[in-house]
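Every number for a ligand or one of its atoms is a count from 1 in the order of the listing.
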Amino acid sequence: MSSTPDLTSSVYSQALELIASVEPRIAEATRQELADQRASLKLIASENYASPAVLMTMGTWFSDKYAEGTVGHRFYAGCQNVDTVETLAAEHARELFGAEYAYVQPHSGIDANLVAFWSILAHRVESPALAELGARNVNDLTDEQWETLRRRLGDQRLLGMSLDAGGHLTHGFRPNISGKMFHQQQYGTDPETGLLDYDALAAKAREFKPLVLVAGYSAYPRRVDFAKVREIADEVGATLMVDMAHFAGLVAGKVFTGDEDPVPHAHVVTSTTHKSLRGPRGGIVLATEEYAPSVDRGCPMVLGGPLSHVMAAKAVAFAEARQPAFRTYAQQVADNAQSLAEGFLGRGATLVTGGTDNHLVLLDVSSYGLTGRQAESALLDAGVVTNRNSVPGDPNGAWYTSGIRLGTPALTTRGFGHDEFDAVAELITMVLENTQPGTTKAGGPSKASYVLADGVAAKVKDASAELLDKHPLYPGLELS
Ligand code: DSN
């Protein structure tokens with residue numbers, strides 16, 4: 001991360017003073033959050049550190065403006081500046097990803113996926129039905145016709161990667177709305193290798209014949225051959241939707257190209273903007289021209305009014321990601337994940353799929369006799385921020401889990417390289433090797449409590465502080 005000008009210090013210090021004059025506890029929590037983020041090893045694979053330019057763009061009066069609708073077609077007056085913002089953000093997104101169409105309004109990844117689901121249903125089911133009936137929109141239908149269409153919209157199939165194999169809960173997981181609005185089935189990974197089995201996926205798709213085939217992941221440590229997945233989608237007549245939330249930065253930074261780049265292969269691509277892409281918290285949808293009109297109806301179809309201040313920050317972040325430095329960053333994210341994986345493997349750890357070729361590693365902590373929950377808590381005591389995650393076929397379920405997911409985007413932003421990530425593997429191993437499962441109040445085995453040996457947390461914190469001090473977060477930013 002490049003040095004932050006002194007201007008940032010003075011702007012933030014004054015802003016915090018103003019906030020403190022209204023609600024000092026919020027100013028204090030904001031100061032503390034910066035201190036905490038500076039002092040911890042942030043390894044949550046979905047987090048990053050946005051630039052001061054991106055952060056500051058979010059704190060403006062664009063927050064006050066309502067702008068439901070789309071550019072030039074708003075349900076409110078006075079949206080000329082929001083139109084400028086949305087147009088620029090979409091233009092940058094199209095250029096960055098080589099997409100035919102970009103929709104920058106989604107407030108989050110879940111919202112982006114809802115927009116995508118809606119647009120696929122609208123394009124594949126609603127529009128042909130309306131055309132068949134000679135209707136322009138649903139208001140032209142009789143009550144009986146409407147009921148038939150409504151049932152048909154609710155009777156479609158979706159095939160997505162299962163949560164324990166690394167998919168996301170919005171990819172048809174039963175407890176999520178995506179698992180309720182579609183008839184859903186899930187595909188997994190090969191039980192031996194942990195890798196995506198394209199033949200098994202094709203066989204399942206042939207049998208299930210989904211309308212929507214969802215690819216993409218939150219916790220799968222490997223690249224996907226999207227050309228192959230598109231072939232499968234085409235064979236069964238499915239729309240291919242790729243959720244690239246986790247690896248959008250690697251796509252933008254041209255680490256994933258050709259068959260590994262989802263944009264030329266998928267009909268619809270969704271993403272968040274705050275993970276490896278390093279922008280503000282939010283979502284986007286990219287689509288081919290044929291899906292664009294239905295994606296464009298995202299607000300107010302399934303989204304509330306656009307967050308114009310966040311769309312502005314997306315534009316700034318996309319402009320940053322179009323710079324050559326972002327490609328260097330993205331490559332370093334992937335290289336660092338390799339270093340982290342090698343660091344663990346060299347210390348005898350078990351990694352799902354045996355390694356990584358993206359931005360994350362999934363460490364199976366059962367070999368230390370721990371659940372993911374125990375490992376996550378012990379690591380947090382030592383100032384290492386991670387999140388527990390299921391491993392394929394996890395015997396401990398999605399709450400306690402058997403894994404820890406670790407990602408490199410955030411610490412790479414701070415400037416960590418090979419040696420630092422090897423040191424991180426050493427520190428995490430030290431914590432896990434010195435943690436014992438605890439017992440329940442009744443004296444039985446517990447999946448949550450743990451005992452971390454005396455002195456280990458302090459030792460790890462000291463070693464981390466040395467690493468972190470060499471790579472300060474927001475260098476130059478001093479709050480008065
Ligand atoms: N919460 C995100 C993650 O951590 O992967 C996905 O929604």
Side-chain angles (χ1 to χ4, degrees), residues 37 40-50 106-117 158 160-179 186 189 214-224 241-252 256 262 269-285 302-303 310 314 333-334 337 340 352-353 356 358-363 372-373 375-377 379-380 384-392 394 397-413:
Q37 292 206 22
S40 56
L41 285 174
K42 189 200 267 210
L43 287 156
I44 292 183
S46 47
E47 292 189 6
N48 211 327
Y49 305 105
H107 309 166
S108 70
I110 287 188
D111 286 359
N113 285 351
L114 276 177
V115 170
F117 293 145
L158 177 144
M161 194 181 208
S162 67
L163 197 64
D164 70 338
H168 190 251
L169 74 164
T170 56
H171 298 178
F173 188 50
R174 271 190 196 173
N176 180 260
I177 183 73
S178 59
Q186 307 265 281
T189 45
V214 183
Y217 51 79
S218 290
Y220 178 67
R222 297 288 175 178
R223 302 181 187 196
V224 172
M241 168 178 158
V242 174
D243 179 345
M244 66 168 181
H246 260 263
F247 52 92
L250 301 188
V251 177
F256 290 2
V269 177
T270 61
S271 185
T272 51
T273 47
H274 50 272
K275 297 188 174 89
S276 54
L277 194 49
R278 210 165 61 180
R281 190 158 289 278
I284 49 168
V285 180
V302 294
L303 297 176
V310 181
K314 287 174 188 171
V333 166
L340 186 62
V352 173
T353 77
T356 179
N358 56 20
H359 65 296
L360 69 90
V361 301
L362 191 53
L363 179 60
R373 170 106 186 249
E376 177 193 86
S377 303
L379 287 166
L380 189 61
V384 185
V385 188
T386 66
N387 72 287
R388 63 189 187 277
N389 210 101
S390 304
V391 300
D394 203 314
W399 180 249
Y400 292 108
T401 82
S402 303
I404 287 288
R405 188 185 65 166
L406 304 154
T408 55
L411 290 177
T412 303
T413 295

Exercise. Let me know which protein residues bring a heavy atom to under 4.0 Å of ligand 1; chain then number is fine for ordering.
Key: Ser46, His168, Ser218, His246, Lys275, Arg405
Quiz item: Donor-acceptor pair, Thr356 side chain versus Asn358 backbone, under 3.5 Å?
Solution: yes
Exercise. List for me each residue that meets side chain to side chain donor-acceptor pair (under 3.5 Å) alongside His168, sequence neighbours excluded, and say none if there are none.
Key: Thr170
Quiz item: Should Thr401 and Asn389 be marked as a side-chain hydrogen bond (donor to acceptor under 3.5 Å, both in side chains) after you check the CA-CA gap, both sets of side-chain angles, and the distance that decides it?
Solution: CA-CA 6 Å; Thr401 82; Asn389 210 101; over 6 Å; no
Exercise. May I ask you to check whether Asn48 and Arg278 show a side-chain donor-acceptor distance below 3.5 Å?
Key: no
Quiz prompt | Mutual orientation of the aromatic rings belonging to Phe256 and Phe247 [parallel < 30°, tilted 30-60°, perpendicular > 60°] | solution = tilted
Quiz item: Just checking, is any N or O donor in the side chain of Arg222 or Thr189 under 3.5 Å from an acceptor N or O on the other one?
Solution: no
